Amino acid sequence: MASINSVASTNYVSRSIKAYSKSFDHLKGGFSPGNTILPGRNARGDLREMAVTTNAANQVPIVSQLLPGKEATGDRNHIAWMSVRQHRWEGELAVEGEIPLWLNGTYLRNGAGLWHVGDHNFHHLFDGFGMVVKLQFENGRLTAGHRQVESEAYKAAMKHNKLIYQEFSEVPKEANFLSYIGKLVGLFSAPSLTDNANISVIKLGDGQVVCLTETQKGSIRIDPTTLETLGKFEYTDSVGGLLQSAHPIVTETELTTVLPELINPGYLVVRMERGSSDRKVIGRVECRGGPTAGWVHSFAVTEHYIVVPEMPLRYSVRSLLVAEPNPLYVFEWLPESKAFVHVMCKASGKTVTSVEVPLYMTLHFINAYEDTDEDGRIVAVTADCCEYYGDATILNKLTLQNLRSFAGHDKVPEIRVGRFTIPLDGSPYGRLETALDPDEHGRGIDMCSINPAFLGKNYRFVYACGAQRPCNSLNTLTKVDLAKKKAKNWHQDGAVPSEPFFVARPGATEEDDGVVISMISEENGGGYALLLDGSTFEEIARARLPYGLPYGFHGCWIPKN
């Protein structure tokens, strides 16, 4: 079990608290005395209760600040959909089973950790303030930790004990909040938009670790060991714009991403080389529908091409810039604008084809690859995604009220592995088909990963979250074999797993030779880290956390040098 023993000496605790509180010095300048209950202080302004833990390996105390405010509670509320207890925690975990000795490095996972400010409860899963979890593996041992990402949005909310920035479905109530934010951070435009980097975390080729959201200003550097927020990742180019894909394609040599453009509907595709903060434009894709660009949460690449989606779920300029959410938050579903997939050449930046496809709705592309004829000529591109049968109401299924109110009725929409076939012969239409029987994974599949060595190549295995129905969220882990069109599933009653992340064994020659890492939130309030064998999909180890963590989104792997 994780060691969470209290330090015996009161004086030692006092010294530890004082030492730890220095890490919050950058926040103190904004704290006003008054009657507001601030982070780490009670109504009298005194230090409130602090949680002290001990690292089992070296007995170093980790002091953790408890988060303020109240949150909606109830007997049926699952820990997966509740705010984390503390700003930060770290400790060594006791391992049941055996961690492979070759697994040396750190798994980081980003996601929402705090879904309330003061007495205000957030509305949507995507609103929560970012929190990074780490699992550090070394010689069969496991040290875990978590810490809030200290974005400007988070710090402003903690300072004022209320929401200041516009989140995915949340708009501050202050009449003059736009002018206030402009003064606060001096943003170049759309000052109300958040920098709350709560979606993904990536390791750049030069070793920098960056948390991301879908606003460009929401790119925040963290220390992968301490999880401390280091500041914004500052782009030094003049590309401009407001938005970005939350899922760039990152390799050891470069980062590629898509920047949706709102006023002149289209997509800039940009590349940033290792060690640089200067993005270069590869090319631009013109929208074929309208009136605005479609949502690009993720996209895909092959060896020679970049696959850019254009869904009928389109950005609402009014909702983004005037802070007036509509029924689909910052989007509008416009089926009359049709759906398309564009293919851009990496080398020239030219759009080599743009095809109309059936209406589709996806958050996450899985992978893409090139199809060749018997003479080796590229004749088409295949792109796979987690596809919701053209149903955008998934966004409304992810409200916290819906996630917290499961009463045995199935609420998860049907999802398939959608396979696009995009011909390169000038045909105006592409195909969208189902890659395997959706019943193999419970007619639900999302939050996916693959062996990164097969990025952009013909591949076989997908690791994702699936469904065992009835459920109100994806509640299984699934390994999909696209060659055999079969799936293996892991399930535990009452458990909510996060994205299964595949780490290949060094020197492996088989695509599924490695381990799968997931964080599990339990119905009873507990939680643990889980390791599955990538080949057999059987459990090989688990390590229980001192308390359950909220559901998280996406992660990355940092191998030990």
Side-chain angles (χ1 to χ4, degrees), residues 245 247-249 254 256-261 264-271 280-315 333-362 364-390 416-436 454-459 482:
S245 169
H247 293 278
I249 304 294
E254 64 183 19
T256 304
T257 194
V258 175
L259 311 179
E261 295 189 315
N264 181 22
Y267 312 93
L268 279 183
V269 181
V270 300
R271 175 188 293 121
K280 304 294 185 183
V281 176
I282 300 173
R284 187 179 191 277
V285 173
E286 299 288 343
C287 280
R288 289 184 56 186
T292 58
W295 187 23
V296 183
H297 184 72
S298 67
F299 62 101
V301 298
T302 70
E303 182 179 356
H304 299 99
Y305 301 113
I306 300 161
V307 180
V308 179
E310 183 181 342
M311 293 192 296
L313 184 68
R314 298 184 178 275
Y315 294 96
W333 180 253
L334 302 174
E336 67 277 9
S337 69
K338 302 182 180 180
F340 307 92
V341 178
H342 313 280
V343 177
M344 174 183 287
C345 175
K346 286 183 179 179
S348 68
K350 294 181 179 179
T351 301
V352 298
T353 192
S354 176
V355 297
E356 182 180 343
V357 293
L359 299 182
Y360 65 99
M361 170 65 199
T362 183
H364 300 112
F365 275 79
I366 302 169
N367 196 21
Y369 57 89
E370 297 159 8
D371 299 308
T372 57
D373 63 15
E374 57 186 15
D375 296 321
R377 292 172 299 189
I378 301 172
V379 295
V381 168
T382 293
D384 294 339
C385 68
C386 303
E387 204 278 309
Y388 287 77
Y389 294 92
R416 60 177 170 171
V417 177
R419 171 159 289 182
F420 292 102
T421 301
I422 310 159
L424 300 182
D425 61 1
S427 300
Y429 299 102
R431 298 198 308 271
L432 173 58
E433 301 169 310
T434 303
L436 78 160
F454 288 78
L455 174 68
K457 302 175 182 178
N458 199 335
Y459 71 117
L482 291 168

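The shown structure was predicted, so the numbers you read here are calculated from the model rather than taken from an experiment. Throughout, numbering of the chain's residues begins at 1 and tracks the sequence.
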Query raised in the report: Are side-chain heavy atoms of L424 and V379 found at a separation under 4.5 Å?
Result: no
Requested in this report: State, with a plain yes or no, whether a side-chain heavy atom of R416 is found less than 4.5 Å away from one of L432.
Outcome: yes
Report task. Can you measure from CZ (R419) to CD (E433) and round to the nearest 0.5 angstrom? Result -> 9.0 Å
Query - Rounded distance (nearest 0.5 Å) linking atom OH of Y369 with atom OG1 of T302 - result: 11.5 Å
Report summary line: Separation between OG1 (T351) and NE2 (H342), nearest 0.5 Å, reads 7.5 Å
Report task. Take D384 and Y459, measure what side-chain contact (heavy atoms from CB on, under 4.5 Å) needs, and give me the verdict at the end. Result -> CA-CA 11 Å; D384 294 339; Y459 71 117; 2.6 Å; yes
Query raised in the report: Step by step, would you call F340 with V308 a side-chain contact (heavy atoms from CB on, under 4.5 Å)?
Result: CA-CA 9 Å; F340 307 92; V308 179; over 6 Å; no
Query raised in the report: Can you tell me how far the CG atom of L313 sits from the NE2 atom of H297, to the nearest 0.5 Å?
Result: 12.0 Å
Requested in this report: Might you work through the side-chain contact (heavy atoms from CB on, under 4.5 Å) test for V355 and S427, ending with a clear yes or no?
Outcome: CA-CA 7 Å; V355 297; S427 300; 5.7 Å; no
Query raised in the report: For atom NZ of K457, is the number of surrounding heavy atoms from other residues, nucleotides or ligands below 6.0 Å larger than 12?
Result: no
Query raised in the report: How about I282 and K346: do any of their side-chain heavy atoms sit closer than 4.5 Å?
Result: no
Query raised in the report: Hey, does the side chain of T362 reach the backbone of H364 with a donor-acceptor pair shorter than 3.5 angstrom?
Result: yes
Requested in this report: Take R271 and I306, measure what side-chain contact (heavy atoms from CB on, under 4.5 Å) needs, and give me the verdict at the end.
Outcome: CA-CA 11 Å; R271 175 188 293 121; I306 300 161; 5.7 Å; no
Query raised in the report: Taking all non-hydrogen atoms of both residues, which atom of C287 and which atom of T292 are closest, and how far apart?
Result: SG-O, 4.4 Å
**Report entry** Side-chain donor or acceptor of D375 paired with backbone N/O of R377 under 3.5 Å
**Finding:** no
Query - Minimum-distance pair of heavy atoms, taken over all atoms of N367 and G456 - result: OD1-N, 2.9 Å
Report task. Flag the pair P291 / L334 as yes when at least one side-chain heavy-atom distance between them is below 4.5 Å, and no otherwise. Result -> yes
Query raised in the report: If you round to the nearest 0.5 Å, how far is NZ of K338 from CG of L359?
Result: 10.0 Å
Query - Ring geometry between F420 and F365 (parallel below 30°, tilted from 30 to 60°, perpendicular above 60°) - result: parallel
Query raised in the report: Closest approach of S298 and P309, non-hydrogen atoms and distance?
Result: O-CG, 3.7 Å
Requested in this report: Return the minimal non-hydrogen interatomic distance between Y315 and P260, and the atom names on each side.
Outcome: OH-CG, 3.5 Å
Query raised in the report: How long is the gap from OG1 on T256 to CE on M344, to the nearest 0.5 Å?
Result: 11.0 Å
Requested in this report: Side-chain contact test, heavy atoms from C-beta onward, threshold under 4.5 Å: evaluate it for F299 versus V269 and give yes or no.
Outcome: no
Report summary line: Note: P312 and A339 closest approach over all heavy atoms is CD-CB, 3.7 Å
Report summary line: Of all heavy-atom pairs linking G266 and A293, the shortest is O-CB, 3.9 Å
Query - Any donor-acceptor pair under 3.5 Å from E387 side chain to M361 backbone - result: yes
Query raised in the report: Is the backbone of R288 close enough, under 3.5 Å, to the side chain of E310 for a donor and an acceptor to pair up by distance?
Result: yes
